[in-house]
Protein chains: 2
Amino acid sequence: MVKSYMTGMNGDEHVVTFDMQCNLLGLDGLTGEVHTSSAVALETVSLCGISISRMETLGNRSPLWLFSLLASELVRGHSTLLILSRKDAQARLAAFLLDLSGRFRVRGQSPQEFNLSMSRQDIGNHLGMTIETVCRALSCLRKSRLIDIDYRRVLIRDFDRLHALTGT
Amino acid sequence: MVKSYMTGMNGDEHVVTFDMQCNLLGLDGLTGEVHTSSAVALETVSLCGISISRMETLGNRSPLWLFSLLASELVRGHSTLLILSRKDAQARLAAFLLDLSGRFRVRGQSPQEFNLSMSRQDIGNHLGMTIETVCRALSCLRKSRLIDIDYRRVLIRDFDRLHALTGT
DNA sequence: CGAGATATTGACTAGGCTCAATTGAAGTGG
DNA sequence: CCACTTCAATTGAGCCTAGTCAATATCTCG
């Protein structure tokens, strides 16, 4: 798991995405300008660099593939936007956990039980809420029997109600 | 001015972007799947359609141009994300107005005085706040002598302080 | 085991939402 | 031209969610 973040000129950071295996990082650098975001690994990772010229070659060979990739990122961003601008703390957490769950699923790992690689701080930063609110919302979800959570270990107990909570 | 919005399955709408002359609409359709967003014109507009195959041709001719275009949208989305997740009502409005101002500027129109083509409702929806909060925040900015606003007519009186307010 | 980081929980406060009333603008038809 | 309707915008009062400040609790790692 790798987190990507942008840094404001006041030095404040905003966690934009958490990326996993097979994700492409640093697409924001394709503007030709500088990268607007940085990234740090949250655990030991191996990664593969792709030069701009290599990207160009790939683009020539199958432009639609690359377009759709970028467009997907665009759509993903819009979804995140929707959640951030309209949902309350619990709904955000629910959406966040379900997003992670789905990404574990497509990678053949358990969508039901998994470890959070990131701190509460990072989660809160990413979802636009304080670390305390993250804790409280998680506790609330636990008390409602929607999830079990013990530090960074998550077990999803009720996918349906969790999904209903997100309102999407 | 055209607004693009996504519709949740509960029928609720979220205004994702406001687009102007020379903007490309519907890039989300490049996933190859369906478009995730719809668009409505807020005033009389003329527009030019580009087919997927035409996009492919353009992509072959100058892939980097198209990449950078999509990447720019990506970065733009991330900035919006940052504002939505971290700023309060006044800062969001300030950022919104300055964004519009800048876009008028590059199009040779007055960056200082302009008309809002969209309703308070749309603004609130886009910025993730209620219509009442939009009004109150605008009134507050007016009382602070940062802007003049009369219905949809906006005059920016103090760019510096407005920019400072956004905290970016 | 101890130190420092991370997480949880509580009490209080504040910014934004809800509900409600009023004003202003833009038509519409007689 | 004016009464009437309709919708957008503004403003106020009260409430509620999430932020702030503060105190513990638990984990991690040397």
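Everything numeric in this text was worked out from a predicted model, so none of it was measured. Chain naming here is simple, since letters A, B, ... match the order of the sequence lines and numbering starts at 1 in each.
In terms of position on DNA chain D, the residue among Gly128(A) and Thr133(B) whose nearest nucleotide sits closer to the 5' end is Thr133(B).
The base of dG10(C) sits with one of its N or O atoms less than 3.5 Å from a complementary donor or acceptor on the side chain of Arg136(A).
Distances were taken from every side-chain heavy atom of Arg152(A) (C-beta onward) to each of dT11(D), dG16(C), dA7(C); the shortest belongs to dA7(C). With dA9(D), dT20(D), dT11(D) as the choices, the nucleotide that has an atom nearest any side-chain atom of Arg120(B) turns out to be dA9(D). Ranking dC21(D), dC17(C), dA8(D) by closeness to the Glu132(A) side chain, first place goes to dC21(D). Ranking dT8(C), dG24(C), dT9(C) by closeness to the Tyr151(B) side chain, first place goes to dG24(C). Here the nucleotide nearest the side chain of Cys135(B), chosen from dA7(C), dT10(D), dC17(C), is dT10(D).
Of all non-hydrogen atoms in Ala91(A) and Thr166(A), the two that sit nearest each other are O-CG2, 4.0 Å.
Counting to the nearest Å, the C1' atom of dC17(C) and the CE atom of Met129(B) are 12 Å from each other. Atom CZ in Arg86(B) sits about 10 Å away from atom P in dG19(D), given to the nearest Å. At whole-Å resolution of the value, CZ in Arg142(A) and C1' in dA7(C) are 11 Å apart. Across the protein-nucleic acid pair, Leu93(A) atom CG and dA18(D) atom P stand 10 Å apart, rounded to whole Å. One interatomic measurement links the two molecules: CD1 of Ile131(B) to C1' of dC19(C), which rounds to 14 Å at whole-angstrom precision. The interatomic distance linking Asn115(A) (CG) with dT6(C) (P) rounds to 16 Å, in whole Å. In this structure, CG of Leu141(A) is placed 15 Å from C1' of dT8(C), rounded to the nearest angstrom. If you measure from atom CZ of Arg153(B) to atom P of dA9(D), you get 16 Å, rounded to the nearest angstrom.
Cluster annotation: Tyr151(A) is not connected to Val154(A) through the hydrophobic network of ILVMFWY side chains, with a link wherever side-chain heavy atoms come within less than 4.5 Å.
Without hydrogens or angle criteria, Asp158(A) side chain to Asp160(A) main chain gives a donor-acceptor distance under 3.5 Å.
For the residue pair Glu43(A)/Ser117(A), the side-chain donor-acceptor check at 3.5 Å is satisfied.
Nucleic acid contact for Gly124(B): none, since no nucleic acid atom lies under 4.0 Å from a heavy atom of the residue.
Contact annotation: Thr130(A) side-chain N/O to dT20(D) OP1/OP2 distance is not under 4.0 Å.
Residues passing the side chain to side chain contact (heavy atoms under 4.5 Å, CB included) test with Ser72(A) are Thr31(B), sequence neighbours excluded.
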